[in-house]
Amino acid sequence: MRRNRCNGGGHGGRGREGRGGCGCGISAVHDGRADQEETKEESNNESNNDGRGAGAGMSLLSSTNTLTNQCELDSHADTCAFDPAGCCVLSTSSKSINVTGFHNGLKINDVRIGNVCLAYDCPFDHQTYCLHFCEVLLIPGLGSHLLCVNQLRANSVVVNDMPLIRLRPEQGNREAHAILTSNIRIPLLFDKPISYFTCRQPTDAEVSDIMEFQPVWMTADIPWQPYDPDSRRQEEALRQQIDADYQAPYHQLASFTRLDSTLPTAACLDRLPQVLGDSNNVVCGVHSLTIRSMKTSGKSYLIKPDQLARRWRTSIECARRTLEKTTQRAVRDWSVVQGSRRFRPVQYQLEYPRLKTNVYVDVKFGPCKSAEGNTCIAVYATPVQWARAYPLNKESDVHTSLTQLFRQFGFPQCLIPDDAKSLTQGKFREVANKGQVPIHPIEPHHPNQALTEDTIREGSRLYRRFMHARNIPIAFWDRVFMYAFEICSHMALGLAIQEGECGATIVSGNTKDISHLVDFAIWDWCWCLSPNRSSKDGKQLCRWLGPSFTIGAALCFAVAIANGQVLQRSSVIPLSAEERNSEPMEEKKKEFMEGLKKNLKKKSDGVSIS
């Protein structure tokens with residue numbers, strides 16, 4: 001039955017006035033679209049003209065299909081279709097529609113629209129993802145789930161549906177014949193002529209636990225309109241624009257190794273030997289040329305290769321290569337030095353690297369005074385989705401965060417704050433001037449021009465997810481914000497500006513390591529070990545709050561203990577499976593949280609468990 005359903009040729013038909021089919025593949029539509037039928041809802045007898053055509057395939061002829069737990073690509077479908085028996089139906093619409101195939105005699109009446117969820121077990125990271133499909137058709141007995149490629153692409157999901165066996169060898173890569181989202185890559189299988197991937201029905205725990213099982217939105221949660229009369233006109237306009245901008249390939253007639261400043265814009269080829277020198281012979285079949293662009297090579301330095309070779313006792317070739325691959329920002333011009341004044345120190349600008357990007361900066365105030373005494377954080381962000389947050393006791397200390405930024409990452413090309421005085425005047429400007437970093441604030445009363453506003457908004461969303469999902473005390477809001485910005489900086493979000501990399505890799509220029517972020521999740525239970533000379537217990541139960549950022553080595557973590565203090569420890573151990581499932585450990589966890597709540601209330605008014 002599975003193979004026979006494709007022998008008819010194409011996929012499903014489409015509704016003329018309403019929404020077309022999910023194309024389960026009896027045959028392709030002929031010279032038009034099937035007429036839309038009006039149906040009445042059984043609940044309120046309302047007329048519904050939202051007819052979606054769907055070539056219901058063999059399920060239109062027989063309901064004995066067995067569930068295969070696979071999602072198939074249907075290029076002729078105009079709406080995704082799912083079998084309710086093989087997925088988790090999250091919600092359904094009160095409306096019902098008619099689904100038609102390539103022929104008016106093939107139709108299913110009273111088909112519901114709903115939102116469903118599937119579980120996908122990734123074979124690469126061995127994680128289970130919950131795939132959410134909104135505005136889809138629910139067709140009992142369908143057998144397999146059918147995906148509308150256009151509906152997925154409307155939600156910025158990349159669908160590369162060309163099978164690997166149809167590609168040239170140089171076109172084969174990890175993204176070929178796969179579905180790409182901002183979260184995961186789903187490789188497709190091919191059973192001629194169907195491209196598909198395997199899935200299964202999720203459990204209730206997998207649907208509800210968004211921290212352990214990450215949700216992935218495959219289609220948008222807005223009313224789906226499969227047909228748009230403007231799409232054809234837009235496609236034609238774009239095609240005309242592309243064809244109009246096309247230029248024939250430029251063929252280079254000659255390449256000159258040296259160009260003199262006296263070379264005219266339009267030169268006669270007969271005079272080129274005199275202009276370029278006797279060593280340059282020009283043989284060309286044309287009489288004249290027009291120089292469109294010129295390129296120079298080589299650098300100019302205060303120190304010459306022969307001088308460097310003598311001082312370093314090396315060869316001139318080595319000195320020349322060294323000057324080409326290095327910078328000399330602080331080399332002084334001794335021809336104008338008289339020795340009557342002392343030199344300004346310049347080692348600060350040479351100690352740290354220069355970043356090839358602008359950095360936006362803003363200050364965000366927290367909901368209360370944190371357990372570490374912080375009231376706000378300074379947020380630095382770049383266009384490539386890199387961000388770093390520094391906690392502050394008060395807003396006037398924002399210049400200390402700028403010093404930390406310079407020492408940890410380097411000097412940006414420019415700092416772009418809003419018009420706040422704390423970010424444009426005083427000690428903040430003094431620190432920026434010391435590093436030779438200009439400050440270009442945005443226009444007053446236009447906060448939408450600041451990139452940090454978008455970064456703070458996205459970070460705030462992730463912050464709220466962590467706080468509510470893990471029930472983190474609000475006293476640790478600053479640590480959660482710092483952790484949220486750190487993981488966002490290390491995510492390869494699939495944005496065009498990132499070119500397949502994560503923001504931290506682009507800013508630093510080196511492939512970043514995420515070892516400090518993957519062993520624990522925020523607010524995980526763990527053990528921390530203190531040295532013998534410490535006043536703390538040698539081994540005590542604690543909650544993980546992310547990297548320490550400013551104290552210790554790269555794998556030094558911040559942990560919260562029962563008295564409300566935040567410790568920085570490198571020896572942090574997760575609970576074993578036996579400890580997580582033992583009754584005594586549950587009692588210890590309960591005592592820990594009760595003690596933490598009491599101590600936080602003692603430390604500061606208004607600080608409590610959220």
Side-chain angles (χ1 to χ4, degrees), residues 9-23 27-33 53 55 73-80 102 147-182 185 188 190 193 195 218-220 222 224-256 265-267 269 284-295 383-384 492-501 506:
H11 298 274
R14 309 171 184 174
R16 177 183 299 274
E17 301 175 357
R19 305 178 182 180
C22 60
S27 177
V29 66
H30 292 289
D31 57 349
R33 300 180 175 90
L73 298 186
D74 197 334
S75 59
H76 280 228
D78 64 6
T79 307
C80 296
F102 75 98
L147 301 183
C148 170
V149 176
N150 191 33
Q151 190 174 4
L152 268 64
R153 289 170 176 165
N155 194 38
S156 301
V157 175
V158 179
V159 181
N160 297 326
D161 51 1
M162 181 70 71
L164 297 177
I165 62 176
R166 307 291 188 227
L167 298 175
R168 294 192 297 271
E170 63 272 13
Q171 293 178 328
N173 53 59
R174 297 185 72 251
E175 295 185 356
H177 200 218
I179 298 177
L180 309 176
T181 71
S182 59
R185 177 180 66 93
L188 296 175
F190 184 63
S195 296
M218 304 296 289
T219 60
I222 57 176
W224 169 239
Q225 300 294 337
Y227 295 107
D228 183 5
D230 294 333
S231 60
R232 178 178 178 180
R233 293 190 293 269
Q234 294 174 359
E235 183 74 13
E236 292 177 350
L238 291 174
R239 175 58 62 187
Q240 293 176 1
Q241 180 180 357
I242 293 175
D243 293 341
D245 295 339
Y246 174 76
Q247 295 181 356
Y250 171 73
H251 300 284
Q252 185 176 4
L253 297 179
S255 177
F256 309 110
T265 302
L269 290 182
C284 188
V286 296
H287 297 287
S288 63
L289 60 84
T290 300
I291 299 176
R292 297 182 179 179
S293 63
M294 298 177 63
K295 181 178 69 173
V384 294
L493 302 175
L495 304 178
I497 194 173
Q498 290 186 327
E499 297 182 349
E501 302 288 348
I506 298 174

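Taken from CG in N150 to SG in C80, the straight-line distance is 9.5 Å, to the nearest 0.5 Å. Rounding to the nearest 0.5 Å places CD of E499 at 8.5 Å from CD1 of I497. With values rounded to the nearest 0.5 angstrom, Q171 atom CD is found 13.5 Å from R166 atom CZ. Annotation: the span from L495 atom CG to E501 atom CD amounts to 13.0 Å, rounded to 0.5 Å. Here the CD-CD distance, from E236 to Q241, works out to 14.0 Å after rounding to the nearest 0.5 Å.
Between the side chain of D161 and the backbone N or O of S195 there is no donor-acceptor pair closer than 3.5 Å. A distance-only check finds no donor-acceptor pair linking the side chain of N155 to the backbone of V157 [under 3.5 Å]. Between the R185 side chain and the A178 main chain, no donor and acceptor come within less than 3.5 Å of each other.
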Start with the C-alpha gap between M218 and I179, add the side-chain angles, then the distance that decides, and say whether side-chain contact (heavy atoms from CB on, under 4.5 Å) holds. CA-CA 10 Å; M218 304 296 289; I179 298 177; 3.9 Å; yes
How far apart are the C-alpha atoms of W224 and T219, what are their side-chain angles, what is the distance that settles it, and do they pass the side-chain contact (heavy atoms from CB on, under 4.5 Å) test? CA-CA 9 Å; W224 169 239; T219 60; over 6 Å; no
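Scanning all heavy atoms of the two residues, the minimum distance from S231 to D228 falls at OG-O, 2.7 Å. Counting all heavy atoms, side chain and backbone alike, A492 lies closest to G500 at CB-O, 4.3 Å.
Heavy atoms from other residues, nucleotides or ligands lying under 6.0 Å from CD of E235 number 12 at most.
When L180, L188, L167 are each tested for a side-chain contact (heavy atoms from CB on, under 4.5 Å) with N160, only one passes: L180.
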